[in-house]
Amino acid sequence: MKLGLITSILGDLSFEEMVDFVSGIGLECIEVACWPGGDAERRYAGVSHIDCASLDGEKAAYILKYCKDRGVDISALAFYPNMLDPDLEKREANIAHLFKVIDASKMLGVNLVTTFIGRIPFKNVDENLAEVEKVWKPILKYAEKQDVKIAIENCPMLFTNDEWPGGQNIMTSPSNWRKVFELLGSDHLGLNYDPSHFVWQQLDYIKPIYEFKDKLFHIHFKDIKLYKDRLSDVGIMATPLQFMAPKIPGLGDVDWQKFISALTDIGYKGPACQEIEDRAFEDSMESVKKSIILSTKYLRNFV
């Protein structure tokens, strides 16, 4: 298992500065943020450490050499928008950029892209599955041709009022995973599994490791702290940030010993990238770096 970092939290650093920092604290891989240029619509998005739209052979060779010289592998290229955005103009733009990320992943020899399936927030699961089939079969056909795998994170993307009530990603539970995998039937589609999202949804985050072991293409290490007093006040129908908060691994409610033990049970030897989104460490770049260092030190007990 390779311990790494999704680079979006270091969006204020250049590609070179980011790689130097990651290498300097002994991390082995990076899930590289690859959003298109322009203003981000939400936190932790809009970061582009690799510009997939302009990537060519010369730039790819430079990126690979820079990483190799510092002992850092690229685990995946990351782009997390809503691929089923009800605004069809935004949807088409997201899909078009995803194709560029797939091409870049192929060019770099990474052959893995991390993203969301997407969801129309105001439609039910069955209605969204019809959209998934329409949108994703052509994407997967192209990914298969390029021999690039797609790993879907299980984040519901249900944090703010504009994402209410269904969120922006349908791959939120084992039940929905089965439906999507059966519907799309592609060996190139799998999971970027993050246990923290199951904590606040009150789902078992250990059991799915065993059932979906062949679909675990990538792992996210992020923690969540559930505030039960707040939950008892607002209830599960509230937007989740009213009763939980993302934390660095070790400061939340995920039992990392049990989680990583289960990964070793199934023989998982792929990338495991920390996703740092802890507001307690965001007052400065120095604090952000400190949070990554603390998280890495904690996780090195297990990885």
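All values below were derived from every heavy atom in this structure, side-chain atoms included, with hydrogens, water molecules and symmetry-related copies excluded. In this text, all values refer to a predicted model and were calculated from it rather than measured experimentally. We count residues from 1, following the sequence as given.
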Kindly indicate, with the supporting measurements, whether the criterion salt bridge (Lys or Arg N to Asp or Glu O under 4.0 Å) is fulfilled by Glu131 and Arg119. CA-CA 8 Å; Glu131 290 293 311; Arg119 181 169 182 161; over 6 Å; no

Using ring-ring contact (aromatic ring centres under 6.0 Å, His included), reason through Phe221 and Tyr298 one step at a time and then give a plain yes or no. CA-CA 11 Å; Phe221 285 168; Tyr298 173 77; 9.8 Å; no

Under the criterion ring-ring contact (aromatic ring centres under 6.0 Å, His included), I'd like the reasoning laid out for Phe243 against Tyr227: C-alpha separation, chi angles, the key distance, then a yes or no. CA-CA 5 Å; Phe243 59 82; Tyr227 299 93; 9.5 Å; no

Apply ring-ring contact (aromatic ring centres under 6.0 Å, His included) to His97 and Phe79, showing your working. CA-CA 9 Å; His97 187 69; Phe79 174 47; 4.7 Å; yes

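More than 12 heavy atoms of other residues, nucleotides or ligands sit less than 6.0 Å from atom NZ of Lys222.
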Which donor-acceptor pairs under 3.5 Å do side chains of residues 4-12 form with protein atoms, sequence neighbours excluded?
residue: Thr7; atom: OG1; partner: Ala33; partner atom: N; Å: 2.9
residue: Thr7; atom: OG1; partner: His49; partner atom: ND1; Å: 2.8

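Within the 4.5 Å cutoff, the side chain of Tyr66 has heavy atoms near those of the Asp20 side chain. Looking only at side-chain heavy atoms (C-beta outward), Lys225 and Leu251 stay at 4.5 Å or farther from each other.
The ring-ring contact (aromatic ring centres under 6.0 Å, His included) pairs that include a residue from residues 131-162 are Phe99-Tyr142, where partners are two or more places apart or lie in different chains.
Between Trp177 and Phe212, the two ring planes are perpendicular [angle over 60°; tilted spans 30° to 60°].
Note that CG of Asp162 is 6.5 Å distant from CD of Gln168, once rounded to the nearest 0.5 Å. Between the CD1 atom of Ile260 and the CG atom of Leu299 there is a distance of 5.5 Å, given to the nearest 0.5 Å. Within the model, atoms CD of Glu28 and OG of Ser75 stand 11.5 Å from one another, a figure rounded to the nearest 0.5 Å. To the nearest 0.5 Å, the span separating CG on Asp253 from CE on Met244 amounts to 11.0 Å.
Electrostatic pairing of Asp73 and Lys2 counts as a salt bridge here, judged by a charged N lying under 4.0 Å from a carboxylate O.
Under a 4.5 Å side-chain heavy-atom cut-off, the cluster of Ile, Leu, Val, Met, Phe, Trp and Tyr residues that includes Leu158 is completed by Trp164.
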